[in-house]
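Here is the structure we will look at, set down as structure tokens.
Heads up: numbering here begins at 1 and tracks the sequence.
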Amino acid sequence: MIVALFLLALTSLVDASPTFAHGLGQGYDLPIPLWLFLYGAAAAVLVSFVPVSLLADKGRVGKEVPYRYPSFDLLKFRPLRAAL
């Protein structure tokens, strides 16, 4: 059974067609100038952080949280401390 599955997988690789990953095929031009596209992308990122900053729970700052995340101090090892 395993041999049959292996042969099936092998035969599917023999007839594989080439693929273009990450859009390296055909190029295209933007319908707007590049500087406008980049400013728009930066504005979208900036605007997406505004609701997060407004809706973040500011009441927990400085207060003790009931659950502490596990941590491991890497700086207690001398070679790592020297490298950092």
Worksheet entry | Co-members of L8 in a cluster of I, L, V, M, F, W and Y side chains, linked at under 4.5 Å | none
Worksheet entry | Other ILVMFWY residues reachable from L7 by side-chain steps of under 4.5 Å | V3
Residues 77-84 side chain polar contacts: donor-acceptor under 3.5 Å, at least two apart:
unit_1	atom_1	unit_2	atom_2	d
R81	NH1	L75	O	2.6

Side-chain donor-acceptor pairs under 3.5 Å in residues 37-52, sequence neighbours left out?
unit_1	atom_1	unit_2	atom_2	d
S48	OG	A44	O	3.4
S48	OG	V45	O	2.6

Worksheet entry | Contacts of type side chain to side chain contact (heavy atoms under 4.5 Å, CB included), residue P33, not counting sequence neighbours | W35, L36
Worksheet entry | Contacts of type side chain to side chain contact (heavy atoms under 4.5 Å, CB included), residue L5, not counting sequence neighbours | none
